[in-house]
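Okay, so here's the structure we're looking at.
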Amino acid sequence: MSENTGDLMEKLVALCKRRGFIFQSSEIYGGINGFWDYGPLGVELKRNIKDAWWRDVVLRRDDMVGLDCSIIMNPKVWEASGHVVNFNDPLVDCKKCKARFRADKVFTVIAAEGENVLLSVGAEADDEEHARLAATNAANSKTRRRLEDHAQKLVWTVFRADKAPQGRSNICPLCGGELTDARKFNMMFKTFVGAMEDSSSVAYLRPETAQGIFANYKNVLDTQRIRPPFGIAQIGKSFRNEINPRNFTFRSREFEQMEIEFFCHPSEADKWYAYWRDERYKWYIDLGLKSDKLRLRPHETDELAHYARACADIEYSFPFGVSELEGVANRTDFDLTQHQKFSGKDMNFFDDETKERYIPYVIEPSGGCDRATLAFLCEAYTEDMAPDEKGVMQARTVMKFHPRLAPVKLAVFPLVKKEGMPEVAAGIHNEAKKAGLASFYDEKGAVGRRYRRQDEAGTPFCVTVDGQTLQDQTVTIRDRDSLKQDRIAAAKVVQYVQDALAK
RNA sequence: GCGGGCGUAGCUCAAUUGGUAGAGCGCCAGCCUUCCAAGCUGGCUGUUGUGGGUUCGAGUCCCAUCGCCCGCUCCA
């Protein structure tokens, strides 16, 4: 990472605080790691992103419906999904074959005579002795004979996967690949339902919104006169007790997701996977993420999660590195099958036309709302040069948001605070607000200063009422990025901005 | 989780060997301004992240804790 990009992130964080986009949570108490608050400008930006998503994936389509599930669900949901089992024991994963083991059940066994290593394998067992036996028994006959021949001089090293000595890595019992260090995953936030804090009342804050959709799949199917292929969309908070929150809001412990579960016939899963992957990628570009910083990266086969048949990440080149904004996965029928098994409820869809009964496959485009917000902030941050009142070029900081995302769409100024200009400007401002545009009125200080303040907020248009306005009812409207001004009728300001938003 | 750095006004930073905290910008009020921040006048701002300790005295030294940044690690 170059010095410049590090600077960029620092400047962006400073601007976010200075202008009221993002604050650290509970800052007056010293903050809390992994939690962030959106200020007056930030909340508008984030809402605009969520609104754009909802409009584009739900309202504009006939094959999509929305949902808003509770954050706390019956804990059995998380047993079915695999979240409880997978994250309560210390676990190791094979970096090569992706197998997962309980760390206290996997040993690495090494037999060596001096520098000469005769045996170096992983073994599944309950204790060291059994691990050594298992490793010996699993060896081929030639190796076994050599071990017996050198028995007296052999030095055995056996260690459990969660107690590996510094610098030693564990070996996968299945493929011989390298295992990760042991990790105790307890990523789900635990809480208690009701007044009694005992084991029967344990519940979890959802680590993803997806399971609420799967749990309601039958309800939606039964009530909406809808049939596959169709999707259910949801925006909502999720919680993960991340070991190490990092990179501003990128990895937070409380975050908001925008998720779609799209249900289709298994034979059409590949088609819909490709469709959503491309559709979602295009969405970010359309809202202003330059394609050269955005990339679509298909997962390698060995990178896939156990439930996924195919997956692609939509990644953005942040100042701190290329990181994932959204994942689009073919989750097959894994989740519905799991819920059928754990709940005992039939998850099949019966097709009246073909008389076919099947559990749909699911394509899941799962986006991080805060991550998208951060990407749009990074993309918007620009430093350029603009002339001051003497024509000397000065540095300018400007947030070049897509107008659809900009927290404030329009600022209205009187050029000077006299000759009736404030009244005319306030009138335009009020008219804009009545039309539903986020508008800001400012009459204080020099007009140049007011323009620059709006640049930092990312306001795409500034309207100024001047002397000529009083003669012919026209105003200047200034473009944030080009600094160019058009002169238009005051009565047409609202329409002008609305046209720009529709582009 | 490990290692390193850091924490002083809203922001960026100052404060000699420990001697009762200061500047610029911003912000607010007013003036001046007929179009792109640094014209004028005046004004506000801090339990120096928090809690202990050493000391006659701590922003400065010690301990703990919280948070932020960087690198590793991690990210079903």
Side-chain angles (χ1 to χ4, degrees), chain A residues 1 3 5-7 9-11 13-20 23-36 39 78 81-88 91 93 98 100 166 180-188 207-208 210 240-248 250-253 303-308 311 319-321 323-324 327 329 334 368 385-398 413-419 421 444-456 462-470 475-480 483-485 487:
Chain A
M1 188 188 300
E3 218 169 288
T5 55
D7 280 356
M9 207 56 210
E10 270 177 43
K11 286 182 191 168
V13 172
L15 183 142
C16 280
K17 179 170 184 192
R18 188 169 70 243
R19 290 299 175 198
F23 307 121
Q24 194 182 4
S25 170
S26 340
E27 192 187 286
I28 59 169
Y29 291 104
I32 177 167
N33 196 355
F35 298 89
W36 301 90
W78 309 111
S81 70
H83 287 84
V84 172
V85 174
N86 284 333
F87 302 113
N88 280 324
L91 301 170
D93 293 307
K98 298 292 161 190
R100 164 164 287 176
Q166 184 99 44
T180 60
D181 291 339
R183 297 161 302 192
K184 184 158 175 123
F185 283 107
N186 229 335
M187 297 229 313
M188 280 197 293
E208 61 177 28
R240 296 184 193 178
N241 213 346
E242 297 285 356
I243 296 166
N244 191 1
R246 200 55 83 83
N247 291 330
F248 200 25
F250 184 82
R251 179 168 299 135
S252 301
R253 291 185 165 129
E303 195 183 349
L304 294 173
H306 60 284
Y307 51 74
C311 185
F320 49 79
S323 297
E324 177 189 351
F334 176 82
M385 301 299 284
D388 65 12
E389 61 186 336
K390 299 183 189 77
V392 180
M393 298 305 276
Q394 301 284 351
R396 176 179 80 132
T397 301
V398 50
F413 312 142
L415 184 58
V416 291
K417 200 166 50 175
K418 58 184 183 190
E419 293 172 24
M421 293 182 202
K444 304 278 177 64
V447 73
R449 182 181 302 261
R450 287 177 257 160
Y451 283 134
R452 295 300 170 84
R453 263 198 286 254
Q454 294 305 318
D455 288 340
E456 277 202 344
C462 291
V463 159
T464 300
V465 170
D466 57 15
Q468 190 177 332
T469 309
L470 308 176
V475 294
T476 60
I477 186 159
R478 171 233 196 215
D479 179 82
R480 175 194 65 201
L483 303 177
K484 291 213 176 82
Q485 291 181 313
R487 185 166 278 279

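Chain naming here is simple, since letters A, B, ... match the order of the sequence lines and numbering starts at 1 in each. Model, not experiment: these values are computed from the prediction.
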### Message
Any salt bridge linking A/Arg19 with A/Asp455? Criterion: basic side-chain nitrogen under 4.0 Å from a carboxylate oxygen.
### Response
no

### Value rounded to 0.5 Å, distance of CZ in A/Arg478 from CZ in A/Phe413
7.5 Å

### Task
Looking only at side-chain atoms of A/Arg487, point me to the closest of B/A76, B/C35, B/G26.
B/C35

### Task
Output the single nucleotide from B/G10, B/A76, B/C35 whose closest atom is nearest the side chain of A/Asp466.
B/C35

### Message
Measuring only the C1' atom in each nucleotide, how far is B/A21 from B/A14? A whole number of Å is fine.
### Response
10 Å

### Query
Can you tell which of B/U34, B/C36, B/G10 lies closest to the side chain of A/Arg452?
B/C36

### Task
Take atom C1' in B/U50 and the same atom in B/G4, then report the distance between them in whole Å.
23 Å

## Note on the structure
Taking a pair to mean Watson-Crick or G-U wobble geometry with both distances below 3.5 Å, B/G59 pairs with none

### Task
Spell out yes or no: do the side chain of A/Arg478 and the base of B/C36 have one donor N/O and one acceptor N/O closer than 3.5 Å?
yes

### Task
Between B/C68, B/U34, B/C27, spot the one nearest the side chain of A/Arg449, thanks.
B/C27

### Summary
Comparing A/Val447 with A/Lys444, nearest RNA chain B nucleotide closer to 5' gives the residue A/Lys444

### Message
For B/C35, does the base pair up with any side-chain atom of A/Gln485 as donor and acceptor (N or O, under 3.5 Å, distance only)?
### Response
yes

### Task
Assign A/Gln468 to base, sugar-phosphate, or nothing according to its heavy-atom contacts below 4.0 angstrom with the strands shown.
nothing

### Query
Which residue lies toward the 5' end of RNA chain B, A/Arg396 or A/Arg18, if each is placed at its nearest nucleotide?
A/Arg18

### Message
Base, sugar-phosphate or nothing for A/Lys17? Non-hydrogen atoms, less than 4.0 Å.
### Response
sugar-phosphate

### Same-atom distance (C1') from B/G71 to B/C35, integer angstrom
48 Å

### Query
Base, sugar-phosphate alone, or nothing: which one does A/Asn33 contact when heavy atoms must sit under 4.0 Å apart?
sugar-phosphate

#### Entry: C1'-based separation of B/C44 from B/G7 [nearest Å]
24 Å

### Query
Are the aromatic ring centres of A/Phe320 and A/Phe248 under 6.0 angstrom apart?
no

### Query
Considering Watson-Crick and G-U wobble pairs with both distances under 3.5 Å, what does B/G7 pair with?
B/C66

#### Entry: Base B/G26 paired with A/Arg19 side chain (donor-acceptor, <3.5 Å)
no

### Summary
Using Watson-Crick geometry (N1-N3 plus N6-O4 or O6-N4) or G-U wobble (N1-O2, O6-N3), each under 3.5 Å, B/A38 is paired with none

### Span that lies between the C1' atom of B/U8 and that of B/C13, in whole angstrom
9 Å

### Task
Give one of base, sugar-phosphate or nothing for A/Lys484, where a contact means two heavy atoms less than 4.0 Å apart.
nothing

### Query
Less than 4.0 Å between a side-chain N and a carboxylate O, is that true for A/Glu456 and A/Arg18?
yes

### Query
Roughly how far apart, to the nearest Å, are B/U55 and B/U16 at atom P?
23 Å

### Message
Taking any heavy-atom pair under 4.0 Å as a contact, classify A/Gln24: base, sugar-phosphate, or nothing.
### Response
sugar-phosphate

